[in-house]
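Input: a single structure, listed below in structure tokens.
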Amino acid sequence: MIYMLEDESGIRDFVLYALNNSGFEAVGFELPSEFFAALSENIPELLLLDIMLPEEDGISILKKLRSNPKTANLPVILLTAKGTEFDKVLGLDSGADDYISKPFGTMELISRIKALLRRTSKPVQAAEDSISVGNLKIIQDKHEVFADGKKVSLTLKEYDLLCLLMKKKGRVYTRDELLSLIWGYDFSGESRTVDVHIRTLRSKLGSCGELIETVRGVGYRIGEKND
């Protein structure tokens, strides 16, 4: 089941029609109060969330979902008319798994949904207890990250991105590789998604953020200089 919280009926009806005709079961809501009422009865597999809404904005709703243990890992794709980098960073930093700027094509939206569902439905694999590079440490079985001894709160995508880079220390990943491995899709021009996540990740890690190196013209890697 996919929930869609969108107050514009034209967009909502169009997307729901496309989803229901593509093999998904989807339900739409105009108001946050309606959405939360339905959420109390059933938690969906994924949420399509508009930012500009009556009653309460989408970012506030997203933060509530992430703070509730029952919905903390609910996959969320933001649908927004706001396309600035600041808005994207704010949405991703608040816990969104992906974002799509309006106007968007239904084929791309469906591809993004399938990619996110594939990723979030993957069985958990056995992992090493911890990974360390310099003063940066990940305890995988607890899903915890520590930078300079302090616990850092990361979104799911930020965590997955950091794990990938740390497991292959010194290995340079192109933006397209990271987009495919972490997000599961490859759309022209969407490599900006990787840059936004790297920027917020560096900021959250403080001085340990310097371990994430930019290889100009190629991509990113976790460096070895501080290890």
Side-chain angles (χ1 to χ4, degrees), residues 1-85 87-122 155-157 160 179-180 182-190 192-193 196-197:
M1 172 67 74
I2 294 175
Y3 281 177
M4 181 179 192
L5 180 51
E6 165 66 64
D7 63 317
E8 294 186 34
S9 60
I11 296 176
R12 187 176 64 251
D13 292 344
F14 179 69
V15 171
L16 292 176
Y17 176 82
L19 291 177
N20 284 307
N21 279 276
S22 299
F24 294 103
E25 184 179 357
V27 176
F29 306 94
E30 179 181 2
L31 300 175
S33 56
E34 297 173 345
F35 162 71
F36 281 114
L39 191 66
S40 66
E41 299 293 331
N42 180 52
I43 296 177
E45 295 178 81
L46 182 143
L47 170 64
L48 300 175
L49 178 62
D50 188 24
I51 288 183
M52 301 298 291
L53 292 164
E55 298 183 344
E56 186 175 4
D57 69 88
I59 297 299
S60 175
I61 292 171
L62 181 58
K63 290 179 178 179
K64 285 183 179 180
L65 294 174
R66 292 299 179 240
S67 64
N68 185 336
K70 293 183 179 180
T71 56
N73 295 316
L74 172 65
V76 177
I77 298 178
L78 288 180
L79 305 178
T80 174
K82 294 185 173 183
T84 67
E85 182 174 340
D87 293 314
K88 293 174 181 177
V89 169
L90 179 61
L92 294 170
D93 200 38
S94 298
D97 296 288
D98 201 354
Y99 63 84
I100 299 182
S101 299
K102 299 176 182 176
F104 53 82
T106 55
M107 289 183 64
E108 179 179 348
L109 174 61
I110 291 171
S111 293
R112 298 279 189 101
I113 289 172
K114 288 180 177 179
L116 182 53
L117 288 175
R118 281 198 303 270
R119 178 158 187 82
T120 54
S121 65
K122 286 182 179 179
T155 65
L156 179 60
K157 286 294 185 292
D160 288 343
L179 193 63
S180 176
I182 302 300
W183 282 267
Y185 60 78
D186 183 10
F187 289 102
S188 177
E190 287 302 324
R192 189 61 176 166
T193 299
V196 170
H197 276 76

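Quick caveat: nothing in here was measured; it's all calculated off a predicted structure.
Nearest heavy atom pair, residue L19 against residue L48, reads CD1-CD1, 3.9 Å. Across all non-hydrogen atoms, the minimal contact from L47 to L5 is CD1-N, 4.2 Å. The shortest non-hydrogen separation linking Y3 to N42 is OH-O, 3.3 Å. Taking each heavy atom of L39 and P44 in turn, the nearest pair found is CD1-CD, 3.6 Å. Here the closest non-hydrogen pair linking A26 and N20 is N-OD1, 3.1 Å. What you find for L31 and P54 is that their closest heavy atoms are CD2-CG, 3.5 Å.
Annotation: side chain of E56 is not in contact with side chain of F35 (no heavy-atom distance under 4.5 Å). For the pair T106/Y17, no side-chain contact is recorded, criterion being any heavy-atom separation below 4.5 Å from C-beta on. Counting only heavy atoms from C-beta outward, the side chains of D57 and P32 never approach each other to under 4.5 Å. Residues I11 and M4 form a side-chain contact, since some pair of their non-hydrogen atoms from C-beta on lies under 4.5 Å apart.
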- Can you check side-chain contact (heavy atoms from CB on, under 4.5 Å) on I110 and F24, steps first, answer last? CA-CA 10 Å; I110 291 171; F24 294 103; 4.0 Å; yes
- Worked verdict on R66 versus T155 for side-chain contact (heavy atoms from CB on, under 4.5 Å): CA-CA 9 Å; R66 292 299 179 240; T155 65; over 6 Å; no
- Task: Apply the test side-chain contact (heavy atoms from CB on, under 4.5 Å) to residues L116 and K157: give CA-CA distance (whole Å), side-chain angles for both, the deciding distance (0.1 Å), then the verdict.
- Result: CA-CA 11 Å; L116 182 53; K157 286 294 185 292; 3.5 Å; yes
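Remark: the backbone N or O of V27 is not paired with any side-chain donor or acceptor of R12 at under 3.5 angstrom. A donor-acceptor pair is defined here as one N or O able to donate and one able to accept, closer than 3.5 Å; no such pair exists between the side chain of E8 and the backbone of G10. Between the side chain of E55 and the backbone N or O of S33, at least one donor-acceptor pair lies under 3.5 Å. Side chain of N68 to backbone of K64: no donor-acceptor contact under 3.5 angstrom is found.
The CD1 atom of I51 lies 10.5 Å from the CD1 atom of I61; values are rounded to the nearest 0.5 Å. Taking CG of L117 as the start and CD of E45 as the end, the distance is 6.0 Å to the nearest 0.5 Å. From I77, atom CD1 reaches atom CZ of R112 across 7.5 Å, with rounding to the nearest 0.5 Å. The structure places OG of S101 at 9.5 Å from CG of L78, a figure rounded to the nearest 0.5 Å. With rounding to the nearest 0.5 angstrom, the CD1 atom of I2 is 4.5 Å from the CD1 atom of I113.
Atom CZ of F104 sits in a crowded spot, with more than 12 heavy atoms from other residues, nucleotides or ligands closer than 6.0 Å. Residue N73 qualifies as open at atom CG: its count of foreign heavy atoms under 6.0 Å is 12 or below.
Salt-bridge check for K102 with D50: passed, with a basic side-chain N closer than 4.0 Å to an acidic carboxylate O. At a threshold of 4.0 Å, the pair D98-K114 does not count as salt-bridged, since none of the basic side-chain nitrogens sits closer than that to a carboxylate oxygen.
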